[in-house]
Amino acid sequence: MIDFLFMDEDLCYSCKKNKALKYKLCDGCLKKLDYVANEFKVGETTCYAIYFYNDFMKKLIGSYKFSRNTSLCKVFAPMYEDFIIKNKLLDFDYILPSPSSKKTLRTRGFDHIGSIVDIIGKDLGISVLKSFKKVKNTKTQHSLDRFKRAENLNDAFKLYESLEDKKILLIDDIITTGNTIEEIVKTLKEGGASEVVGLSLASEKPII
Ligand SMILES: [Zn+2]
């Protein structure tokens, strides 16, 4: 028998029309996800991207980040979790959300990566690193040329505890340029971190 009666919370978080099957998305919306599972290097750092940043993903992330559709963290968190489990990325001392500056947090009204990482940390039993902050209000990276980009991020991050021999899984939404990751990794390594691996939800390049 077809189940015609379902509650509102069973509805797809994206189209709000059909019943959600996985990641709070319906069959039609799930099919719009372009799974790429890219592995690439940013400097010395191994990074992964789960999906291609196609129009659907762009809309979904935009709705979450800029229209404060905060419940979408329940869509994104299990996407990361499935990838982490499948690729055995569980052996980390800390999971770290790519930090936003105080100014961005104020404008946006919530910590979009932090909210996702809190769920992942709890579900997978990995401690969330809270002592790493963005201390400089940087300009948007893509508005700058490549020389200004590195300068813009100089001393942008600060670590408030020692990470001697600790392994860190760094979580971001999209990797546009590698500069941010490189600067974060630099600060973590200066603080003693032995290994950093980057994981982003989406990548702008289908294959890197
Ligand atoms: Zn849908």
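Whatever order the structure lists ligands and atoms in, that order sets their numbers, starting from 1.
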Report task. Report the relative orientation of the aromatic rings in Phe157 and Phe132; use parallel for angles under 30°, tilted for 30 to 60°, perpendicular for over 60°. Result ->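 Rings of Phe157 and Phe132: parallel, under 30°.
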Query raised in the report: What protein N/O/S atoms lie closer than 2.8 Å to the Zn ion (ligand 1)?
Result: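 Cys12 SG, Cys15 SG, Cys26 SG, Cys29 SG, with waters left out.
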Query raised in the report: For Asn137, does the CG atom sit with more than 12 other heavy atoms under 6.0 Å from it, leaving out its own atoms?
Result: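 Yes, CG of Asn137 has more than 12 neighbouring heavy atoms, counting only those of other groups under 6.0 Å.
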Report task. Return the minimal non-hydrogen interatomic distance between Lys136 and Ser101, and the atom names on each side. Result ->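 For Lys136 versus Ser101, the nearest heavy atoms are O-CB, 3.9 Å.
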Requested in this report: Hey, could you give me each pair passing side-chain hydrogen bond (donor to acceptor under 3.5 Å, both in side chains) that has a residue in residues 154-163? Not counting sequence neighbours.
Outcome: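 Matches after skipping sequence neighbours: Ser131-Glu161.
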Query raised in the report: Can you check whether Phe110 and Tyr64 have ring centres sitting under 6.0 Å from each other?
Result: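 Yes, they do, as the ring centres are separated by less than 6.0 Å.
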Requested in this report: Using atom types as modelled and distance alone, determine if a side-chain donor or acceptor of Asn54 lies under 3.5 Å from a backbone N or O of Met57.
Outcome: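 Side chain of Asn54 to backbone of Met57, a donor-acceptor pair under 3.5 Å: yes, one is there.
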